[in-house]
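Inspection log for the structure reproduced underneath, given as structure tokens.
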Amino acid sequence: NVDAAVQVSASLLVISGYLFRRWASSQSHNPLPGLVPQLILSVVPYLCHNSAYVRAAAAWGFFHIMDALGPEKAKAVLGSDSKVPLDFYAFQAYHKECIKMRSRTH
């Protein structure tokens, strides 16, 4: 629910980000869980949330799973719903401010 309290949204996105990061780091060894596409699509609306903390939490996890998948595998995993997530990923991957922000989190 995008209209939930900021604390609730942020908490759910921190958990989603943790799962995304974990799946991203192990996807070469293990198949991705079947709920990955649904969780990716559930996080996308939060990339435009009015709270910066919520947007950041969503963007952090979203980037890690999308980067681990890469555009071709993400397109295959997300099917016909891949256009918007791939556009968001491209923005995060190539925009200089996004790159600078990511460099601070490693």
Side-chain angles (χ1 to χ4, degrees):
N1 180 357
V2 178
D3 296 323
V6 171
Q7 297 88 340
V8 173
S9 299
S11 296
L12 292 172
L13 291 166
V14 166
I15 293 167
S16 297
Y18 168 79
L19 292 173
F20 283 152
R21 186 74 186 252
R22 184 175 175 167
W23 293 334
S25 66
S26 70
Q27 69 125 358
S28 61
H29 309 295
N30 302 314
L32 290 172
L35 61 92
V36 169
Q38 293 87 353
L39 193 54
I40 291 172
L41 295 173
S42 296
V43 167
V44 168
Y46 292 99
L47 296 170
C48 300
H49 197 274
N50 63 351
S51 168
Y53 184 78
V54 171
R55 279 193 315 273
W60 184 80
F62 176 81
F63 180 81
H64 282 290
I65 193 65
M66 293 295 286
D67 198 50
L69 291 173
E72 292 306 312
K73 190 169 181 183
K75 195 174 200 175
V77 167
L78 296 171
S80 62
D81 294 322
S82 66
K83 174 77 172 111
V84 172
L86 284 170
D87 286 346
F88 274 120
Y89 170 67
F91 177 81
Q92 288 183 325
Y94 302 111
H95 190 274
K96 71 177 186 173
E97 293 300 319
C98 294
I99 294 167
K100 186 167 57 172
M101 185 62 71
R102 268 196 320 277
S103 72
R104 295 178 185 167
T105 63
H106 289 296

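Just so you know, these numbers come straight off a predicted model, no measurement behind them.
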Going hydrophobic residue to hydrophobic residue with side-chain gaps under 4.5 angstrom, can you get from [X] over to [Y]?
X	Y	answer
Val14	Met101	no
Leu13	Tyr18	yes
Phe62	Leu32	yes
Val44	Val54	yes
Leu41	Val43	yes

Under a 4.5 Å cut-off applied to non-hydrogen side-chain atoms, are [X] and [Y] in contact?
X	Y	value
Phe63	Leu47	no
Phe20	Ile40	yes
Leu78	Leu69	no

Main chain of Gln92, side chain of Arg102: is a donor-acceptor contact present, judged purely on distance under 3.5 Å?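 Pair found, side chain donor or acceptor close to backbone of Gln92.
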
Take Trp23 and Leu39 through the side-chain contact (heavy atoms from CB on, under 4.5 Å) test and state the conclusion after the steps. CA-CA 12 Å; Trp23 293 334; Leu39 193 54; 3.8 Å; yes

Would you list the pairs meeting side-chain hydrogen bond (donor to acceptor under 3.5 Å, both in side chains) in which at least one residue belongs to residues 67-80, sequence neighbours left out?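 Matches after skipping sequence neighbours: Gln27-Lys73, Asp67-Tyr89.
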
Using every non-hydrogen atom in the two residues, find where Tyr46 and Ala58 come nearest and quote the distance to one decimal.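 Here Tyr46 and Ala58 meet closest at CB-CB, 3.7 Å.
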
Option from Pro85, Ser82, Pro37 for which side-chain contact (heavy atoms from CB on, under 4.5 Å) with Val77 holds: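 When Pro85, Ser82, Pro37 are each tested with Val77, the side-chain contact (heavy atoms from CB on, under 4.5 Å) holds only for Pro37.
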
Would you give the length of the straight line joining atom OG of Ser9 to atom CG of Asn50, rounded to the nearest 0.5 angstrom?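 Ser9 atom OG to Asn50 atom CG measures 9.0 Å (nearest 0.5 Å).
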
